[in-house]
Amino acid sequence: MAKRSFKNTVLPTILTYIGLAIGLVFAAFPIVWMFFSSLKSNTEIFALPPTLQPKTFTIAAYLTIFNDPVKVRFFINSYFVASVVTFLTVVIAILTAYAFSRYSFRFKNTLNVFIISTQTVPPITLLIPYFGMVVAFRIFDTYLALVMTYMVFTLPYAVLLMTGYFNTLPKELDEAVMVDGGSSWTALWRVIVPVSVPGIVATAVYTFLLAWNEFLFALTLTKSMDLRTVPIGIQLLMGQHAFEWNEMMAMSVLGSLPLLVLYLVAQRYFLAGMTAGSVKS
């Protein structure tokens, strides 16, 4: 019985932890390498044999970035564009998802299929058409071009995610507001949105991540250094005759921090059961 109990309970647990540990090392090693490389000189990065820990720690790469107004501007642009895209996407997704979740209207199924189908189109195939549209509308090399283009890719997923979340909320919540003399607008913003914080936060984090990391359209739809974002700034450190690897790693570390902080702050909402007990059975 003891051997059977070990095989059935203890052994699978041990194997699970071993698998998780291997996965953690595989996922974390590039991040650790990136961080330590940012604390090396460019010469030490090319040293053979390579070492993980720097022989001489230096923050020269970070100081170079912070003392360069152009590089600082990259971060300002990324924060601004990603924040605007996230805010607009979440607001529009909430309104759209509420309509899909609570109302029946003509072409509802067709619109759902259309939204889902947009996720199957590779973004690179839309690069030339969007470039032509941006130039035709005379918004090339502007924040507006980036915001509108990014929202084309963030909105469909956000609408699908929020619609699925709203569908899990009982319609009795809306009906209770109606009985008290409230409107659908009141039900949405006073009841549905407050209990949907986990879904909204998940949508916002995913949207911010997409906008922050986007490279292809940021490179194509902008040309001035005043509008370049962090991914473009990292690519610009790849010169014709030399690569500033330590600065590239430092910018990558700084570019990853907002996403890490955002996740650490918002992670508790992902598992929070905000709707538990909202309606008594």
Side-chain angles (χ1 to χ4, degrees), residues 20-83 85-86 122-124 127 131 141 143 145-146 149-150 153-154 205-265:
L20 291 174
I22 294 174
L24 176 62
V25 172
F26 183 80
F29 181 76
I31 300 174
V32 175
W33 185 276
M34 177 181 68
F35 174 71
F36 280 126
S37 295
S38 70
L39 299 175
K40 297 179 180 179
S41 64
N42 212 35
T43 303
E44 187 179 349
I45 289 178
F46 289 96
L48 291 176
T51 58
L52 177 63
Q53 185 174 338
K55 296 179 181 179
T56 303
F57 286 86
T58 175
I59 59 172
Y62 291 95
L63 294 177
T64 301
I65 293 172
F66 289 128
N67 291 328
D68 189 340
V70 175
K71 293 183 176 67
V72 173
R73 182 74 182 186
F74 295 152
F75 287 92
I76 295 175
N77 291 336
S78 286
Y79 275 117
F80 177 76
V81 173
S83 299
V85 170
T86 301
I124 193 171
L127 183 61
F131 178 79
D141 199 31
Y143 287 124
L146 292 179
T149 303
Y150 289 178
F153 301 104
T154 59
V205 170
Y206 179 80
T207 301
F208 189 91
L209 186 148
L210 285 181
W212 181 272
N213 289 329
E214 206 286 320
F215 173 83
L216 185 62
F217 286 89
L219 177 64
T220 307
L221 301 181
T222 61
K223 66 177 181 179
S224 63
M225 298 299 288
D226 290 338
L227 291 170
R228 297 295 197 184
T229 56
V230 171
I232 309 302
I234 296 174
Q235 188 269 340
L236 291 176
L237 293 173
M238 301 179 184
Q240 183 177 359
H241 303 290
F243 284 17
E244 299 295 337
W245 284 107
N246 56 343
E247 290 185 34
M248 290 171 59
M249 296 301 175
M251 284 195 71
S252 298
V253 171
L254 295 174
S256 303
L257 284 179
L259 303 179
L260 177 62
V261 172
L262 187 63
Y263 176 76
L264 292 177
V265 171

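One distance of note links OG of Ser224 with CZ of Arg73; it measures 8.5 Å at 0.5 Å rounding. From Trp245, atom CH2 reaches atom CG of Asn42 across 9.5 Å, with rounding to the nearest 0.5 Å. The structure places OG1 of Thr220 at 8.0 Å from CZ of Phe215, a figure rounded to the nearest 0.5 Å. Distance CG/Leu236 to CD/Glu247: 12.0 Å, rounded to 0.5 Å. Between atom CD1 of residue Ile65 and atom CZ of residue Phe75 there is a gap of 5.5 Å, rounded to the nearest 0.5 Å. The distance from the CD1 atom of Ile59 to the OG1 atom of Thr64 is 10.0 Å, given to the nearest 0.5 Å.
Shortest non-hydrogen contact noted between Ala61 and Asn246 is CB-O, 3.5 Å. Contact between Arg228 and Asn77 at its shortest, heavy atoms only, is O-ND2, 2.7 Å. A pairwise comparison of heavy atoms in Ser37 and Met249 identifies CB-CG, 3.7 Å as the closest pair. The two residues Val230 and Gly255 have their closest heavy-atom pair at CG1-CA, 4.4 Å. Summarising the geometry of Glu214 relative to Thr229, their closest heavy-atom pair is O-OG1, 4.3 Å, with the distance given to 0.1 Å. Summarising the geometry of Tyr150 relative to Ala211, their closest heavy-atom pair is CE1-O, 3.7 Å, with the distance given to 0.1 Å.
Checked against the 6.0 Å centroid criterion, the rings of Phe80 and Tyr143 qualify as a close aromatic pair. Between Phe153 and Phe217, the distance from one ring center to the other falls under 6.0 angstrom.
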For Leu221 and Asp141, run side-chain contact (heavy atoms from CB on, under 4.5 Å): C-alpha distance rounded to whole Å, both residues' side-chain angles, the deciding distance at 0.1 Å, then the answer. CA-CA 6 Å; Leu221 301 181; Asp141 199 31; over 6 Å; no
Run Lys40 and Thr58 through side-chain contact (heavy atoms from CB on, under 4.5 Å) and show every step you take. CA-CA 6 Å; Lys40 297 179 180 179; Thr58 175; 5.6 Å; no
Test side-chain contact (heavy atoms from CB on, under 4.5 Å) on Phe74 and Ile234; report intermediate values, then the result. CA-CA 9 Å; Phe74 295 152; Ile234 296 174; over 6 Å; no
Determine, step by step, whether Leu254 and Phe66 satisfy the side-chain contact (heavy atoms from CB on, under 4.5 Å) criterion, reporting the C-alpha distance in whole Å, the side-chain angles of both residues, the deciding distance to 0.1 Å, and the verdict. CA-CA 11 Å; Leu254 295 174; Phe66 289 128; 3.9 Å; yes
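For Glu44, there are no salt bridge (charged side-chain N to carboxylate O under 4.0 Å, His left out) partners at least two apart in sequence or on another chain.
Between Val85 and Val81, the closest side-chain pair of non-hydrogen atoms falls below 4.5 Å. With contacts defined as side-chain heavy-atom distances shorter than 4.5 Å, the pair Ser256/Met34 qualifies. With a 4.5 Å cut-off on side-chain heavy atoms, Thr154 and Tyr206 do not count as touching.
Between the side chain of Gln235 and the backbone N or O of Leu237 there is no donor-acceptor pair closer than 3.5 Å.
Around CD1 of Ile124, the count of heavy atoms belonging to other residues, nucleotides or ligands within 6.0 Å does not exceed 12. Remark: Phe26 CZ is loosely packed, at most 12 non-hydrogen atoms of other residues, nucleotides or ligands lying under 6.0 Å away. Annotation: Leu63, atom CG; neighbour count of heavy atoms from other residues, nucleotides and ligands within 6.0 Å is above 12.
Ring planes of Trp212 and Phe208: parallel class, angle under 30° (limits at 30 and 60°).
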